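Everything on this sheet refers to the single structure shown next.
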Amino acid sequence: MSKNQRRRYSSFEKVRVIYSPKYTAGKASLQTKIKLLYRKLKENSLCDTKKSIIDEINKAVIDWNAEYSPRNEIDLHGMTKEAALDYVGKRWRSEVILMVNLTIITGQGHHSKENQPVIKQGLLKKFRSRVEVNTENPGKLVLVKRQKLG
């Protein structure tokens, strides 16, 4: 078996990804925007304003994914748990129709309360046996398609 054939059978492997300058600039811009919005959220005490800021954060991440992420990959960095689970559910339903796996970048929880990966834990609970954790990068999951028998 050649090296290329072995790659086909590995769910996760060390791959060096080189992003385009447009992707890199878009990601940096998103991170800056999210950082500013979270700072604004901390400084604000009005419930309606907080909800509006959270909605803006989640929308920014969704919009970024629509423009920059590959079709079968989403990056949830910055999103709230509830919005992330809802977004993944919607995307998964559309991906199941296409029968492709969905790679989800959740992060490892370094910026969450108590450094717990709340989005990752929520996805593991919600999708149970359909989700695999990348052993090389525990902040990355894959929702695995299931072939229909018969």
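Along the sequence shown, residues carry numbers from 1. None of the values given here were measured: they were computed from a predicted structure.
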Q) Taking side chain as C-beta onward, heavy atoms only, is E132 less than 4.5 Å from L143? A)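 Not touching, per the 4.5 Å side-chain cut-off.
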Q: Would you mind reporting whether L102 and L141 have side-chain heavy atoms less than 4.5 Å apart?
A: no
Q.
Does V144 form a side-chain contact (heavy atoms from CB on, under 4.5 Å) with R130? I'd like the steps, not just the answer.
A. CA-CA 5 Å; V144 181; R130 290 185 183 264; 5.5 Å; no
Q.
Please determine whether residues I57 and L36 belong to a single hydrophobic cluster, defined as Ile, Leu, Val, Met, Phe, Trp and Tyr linked transitively by side-chain heavy-atom distances below 4.5 Å.
A. no
Q: Tell me whether V142 is reachable from I105 by hopping between hydrophobic residues (I, L, V, M, F, W, Y) whose side-chain heavy atoms are closer than 4.5 Å.
A: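 No, it is not one cluster - the side chains of I105 and V142 are not joined through contacts under 4.5 Å.
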Q. Step by step, would you call L123 with I104 a side-chain contact (heavy atoms from CB on, under 4.5 Å)?
A. CA-CA 9 Å; L123 290 169; I104 305 166; 3.8 Å; yes
Which heavy atom of [X] sits nearest to which heavy atom of [Y], and what is that distance?
X	Y	value
G107	P117	O-CB, 4.4 Å
I119	L85	O-CD2, 4.4 Å
Y38	G78	OH-O, 2.7 Å
W92	V100	CZ3-O, 3.9 Å

Calculate, to the nearest 0.5 Å, the distance between atoms [atom1] and [atom2] belonging to [X] and [Y] respectively.
X	Y	atom1	atom2	result
E67	L30	CD	CG	10.5 Å
W64	H77	CH2	NE2	10.0 Å
T106	M79	OG1	CE	12.5 Å
L76	K81	CG	NZ	13.0 Å

**Q.** Worked check of side-chain contact (heavy atoms from CB on, under 4.5 Å) between T103 and K140
**A.** CA-CA 7 Å; T103 300; K140 188 180 272 192; 3.8 Å; yes
Q: Determine yes or no for a side-chain-to-main-chain donor-acceptor pair under 3.5 angstrom, with N65 supplying the side chain and I74 the backbone.
A: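 Between the backbone of I74 and the side chain of N65 there is no qualifying donor-acceptor contact (under 3.5 Å).
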Q) Donor-acceptor pair, N58 side chain versus I54 backbone, under 3.5 Å? A)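 Here the side-chain-to-backbone pair exists.
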Q: Please list all pairs passing the salt bridge (charged side-chain N to carboxylate O under 4.0 Å, His left out) test where one or both residues lie in residues 117-129, with sequence neighbours left out.
A: none
For residues 42-53, which side-chain donor-acceptor pairs fall under 3.5 Å, sequence neighbours excluded?
{"unit_1": "N44", "atom_1": "OD1", "unit_2": "L46", "atom_2": "N", "d": "2.9"}
{"unit_1": "K51", "atom_1": "NZ", "unit_2": "D55", "atom_2": "OD2", "d": "3.0"}

Q: Applying side-chain contact (heavy atoms from CB on, under 4.5 Å), run through Q108 and N137 and close with a yes or a no.
A: CA-CA 9 Å; Q108 297 179 37; N137 179 352; 3.8 Å; yes
Q: Would you mind listing every side chain to side chain donor-acceptor pair (under 3.5 Å) that reaches into residues 21-33, with sequence neighbours excluded?
A: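 Listed by first then second residue: K27-D75.
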